[in-house]
Amino acid sequence: MKLVVVGGGITGLAAAHRAVEVARERQAPLELTLIEARERLGGTIVSERVDGFLVEAGPDSFLSEKPWALALCRRLGVEHRLVRTDDRFRKVFVWHGGRLHPLPDGFQLLAPTAMRPFATSSLFTLRGKLRMALDLVLPRGHADDESLGAFVRRRLGAEALERVAQPLVAGIYTADPDDLSLAATMPRFLDVEKRDRSIILGLRRALAAAPLPGTSGARWSLFVTFAGGMEELVSTLAARLPAGAAVLKQRVSALARTDARWQVRTAEGGTFDADRVILATEAHAAARLTRYLDPGLATLVAEIPYSSAATVSLGYRRADVPHPLDGFGFVVPRTEGKALLAGTFSSVKYPGRAPEGHVLIRGFLGGMLNAEILSEEDGTLVARARGELREALGITAEPVLTRLHRWPASMPQYRVGHLSRVDAIERAVTALPGLTLAGAAYRGVGIADCVHSGEAAAERAFT
Ligand SMILES: Cc1cc2nc3c(=O)[nH]c(=O)nc-3n(C[C@H](O)[C@H](O)[C@H](O)COP(=O)(O)OP(=O)(O)OC[C@H]3O[C@@H](n4cnc5c(N)ncnc54)[C@H](O)[C@@H]3O)c2cc1C
């Protein structure tokens, strides 16, 4: 079987690797080509070693709760390379009213599960706390999908949305909560409401039944990464592909189907024949490549919006940072009017990110609610990030390391109704036998979801 995978991000790499595994298991012949437009594999996964710092330009970790990435690491024999978060510093701060407030212990993304830390928290007003407690008695909602904003306002009130849900979700999805589909991103909360009515009671019940990873001596923390940075996953996967399978610096520009065969052409003049094609690019690229095959499908795919973001990594001498950095970092509610969406204390969260006597802090900027800021020049973005770190953490010293990375149109947005759109996309693709769409745009944006998506596409290619 001739398989062409288009796109060498984690989805395409996981697809290519799984295809090699399945071919070996079934002793089936496989001729594999993985075509990537850029000069390197990994897509949004980029780790850099600079002056003893380990900088993550894109993702800094993956979720161990979803099994697929961890399972892949086990099969690759690199589980021993994983490092867990230092859970002594599990705390996250919220920037509100000019200072950092700890998110109360037991707060699970949208709602409190531990009553004492919540009741004594300085982050919320008494009125806000009472409104959140109303969740205990409010009736169930009936929507199959609704925006995260509507859900949190309805169950827990505007303050819970503005001070916690919006900034936490912006740090993950870079999304506007009033557009973000709850069913596509956090179906657990809809399920909890269906089952238990109250989110607070439902989360407490779930926690009593199965404590969170990382809280009870579990092998892995909720988020894990590699000792040498996330790019270890990319290089390990790339090394397991057949020699010459990965073709770099070729941008696929056309897909054509004749009889039961596919022809994949690149802008650089390459032509590849295939029995099966996996399109593992961003949705905007997949839409361009499918527009002559099925314009209706291409429109459905093109309508998945993308946001842009940037990360600013700053290294400091530890002595130059007055703040104790006793947490994983902070998030910034939109209502504060800052440039930063979030700041991660990278060298506190994971070992080996900064040389002895130094710390690494990463700011996250942009997203759906603050897209304009990315039109600023690099120097201005760095200055904004530094100015806000001065306000939040009291850092006035010059950084010893400054790295800025931009991620234009890189983060797919799951709007209300996203799952119905993906169902429609998948139905339309079945009319194009041999073609599969995979990646962050469809059924999960995290690395674990992308691994799952790529591997499932590879398995389908063998049916
Ligand atoms: C700043 C940032 C931080 C993040 N943090 C986390 C995190 O901590 N944890 C987590 O789980 N997730 C995180 N994510 C999300 C996660 O990194 C991505 O969703 C995931 O890496 C996407 O992988 P992918 O392979 O689907 O897409 P991509 O990584 O976007 O790869 C797509 C590839 O396709 C290539 N391509 C496009 N068009 C063509 C073409 N025509 N021909 C050939 N090649 C083409 C592109 O060049 C690219 O390499 C983060 C994302 C960003 C941007």
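Note that the structure is a prediction, hence the values are computed from the model and not measured. Every number for a ligand or one of its atoms is a count from 1 in the order of the listing.
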Worksheet item: With a cut-off of 4.0 Å, which atoms of ligand 1 are near a heavy atom of T281?
Response: 34 (O), 36 (N), 37 (C), 38 (N), 39 (C), 45 (C)
Discussion item. Using a plain distance cutoff, I'd like to know if E36 has any nitrogen or oxygen under 3.5 Å from a nitrogen or oxygen of ligand 1.
Written reply: yes
Worksheet item: Taking heavy atoms and a distance under 4.0 Å, where does A37 meet ligand 1: side chain, backbone, both or neither?
Response: both
Worksheet, complete the sentence: For G439, the atoms of ligand 1 under 4.0 Å from one of its heavy atoms are 26 (O)
Worksheet item: Does an N or O anywhere in I10 fall below 3.5 Å from an N or O of ligand 1?
Response: yes
Worksheet entry | Any donor-acceptor pair under 3.5 Å from R291 side chain to L297 backbone | no
Fill in: Close aromatic pair by centroid cut-off 6.0 Å: H284 and Y306
yes
Item to complete: For W407, take its heavy atoms, then give the atoms of ligand 1 lying under 4.0 Å from any of them.
Response: 1 (C), 53 (C)
Worksheet item: What's the verdict on salt bridge (charged side-chain N to carboxylate O under 4.0 Å, His left out) for D86 and R88, showing C-alpha distance, side-chain angles and the deciding distance?
Response: CA-CA 6 Å; D86 189 341; R88 285 175 303 163; 2.6 Å; yes
Item to complete: Run the numbers for me: atoms of ligand 1, each under 4.0 Å from some heavy atom of V445, listed by number.
Response: 15 (C), 16 (C), 18 (C), 19 (O)
Item to complete: Would you mind telling me if ligand 1 is within reach of the side chain of F364, the backbone, both or neither, using heavy atoms under 4.0 Å?
Response: side chain
Fill in: Near-ring test F93/H323, centroid separation under 6.0 angstrom
yes
Worksheet item: Which of the atoms in ligand 1, numbered in the order shown and given with their element, are less than 4.0 Å from a heavy-atom of I35?
Response: 43 (C), 44 (N)
Practice prompt. Go through ligand 1 atom by atom and flag the ones less than 4.0 Å from a non-hydrogen atom of V6.
Written response: 42 (N), 43 (C)
Worksheet item: Should you measure from each heavy atom of G7, which atoms of ligand 1 turn up under 4.0 Å away?
Response: 34 (O), 35 (C), 44 (N)
Discussion item. I'd like to know if the side chain of E388 reaches the main chain of L340, judged simply by a donor and an acceptor atom lying under 3.5 Å from each other, with no hydrogens or angles considered.
Written reply: yes
Worksheet entry | Heavy-atom protein contact below 4.0 Å for atom 31 (O) of ligand 1 | yes
Discussion item. Just to be sure I read this right, does ligand 1 sit under 4.0 Å from the backbone of M411, its side chain, both, or neither, counting only heavy atoms?
Written reply: side chain
Worksheet entry | Pairs touching residues 412-455 that satisfy ring-ring contact (aromatic ring centres under 6.0 Å, His included), sequence neighbours left out | W68-H452, Y414-H418
Discussion item. Is the shortest side-chain heavy-atom distance between V78 and F226 below 4.5 Å?
Written reply: yes
Worksheet item: Should you measure from each heavy atom of A285, which atoms of ligand 1 turn up under 4.0 Å away?
Response: 38 (N)
Worksheet item: ligand 1 and G12, any nitrogen or oxygen pair closer than 3.5 angstrom?
Response: no
Item to complete: State if S61 counts as touching ligand 1 under the rule of any non-hydrogen atom under 4.0 Å.
Response: yes
Discussion item. Could you check whether atom CD of E377 has more than 12 heavy atoms from other residues, nucleotides or ligands sitting under 6.0 Å from it?
Written reply: no
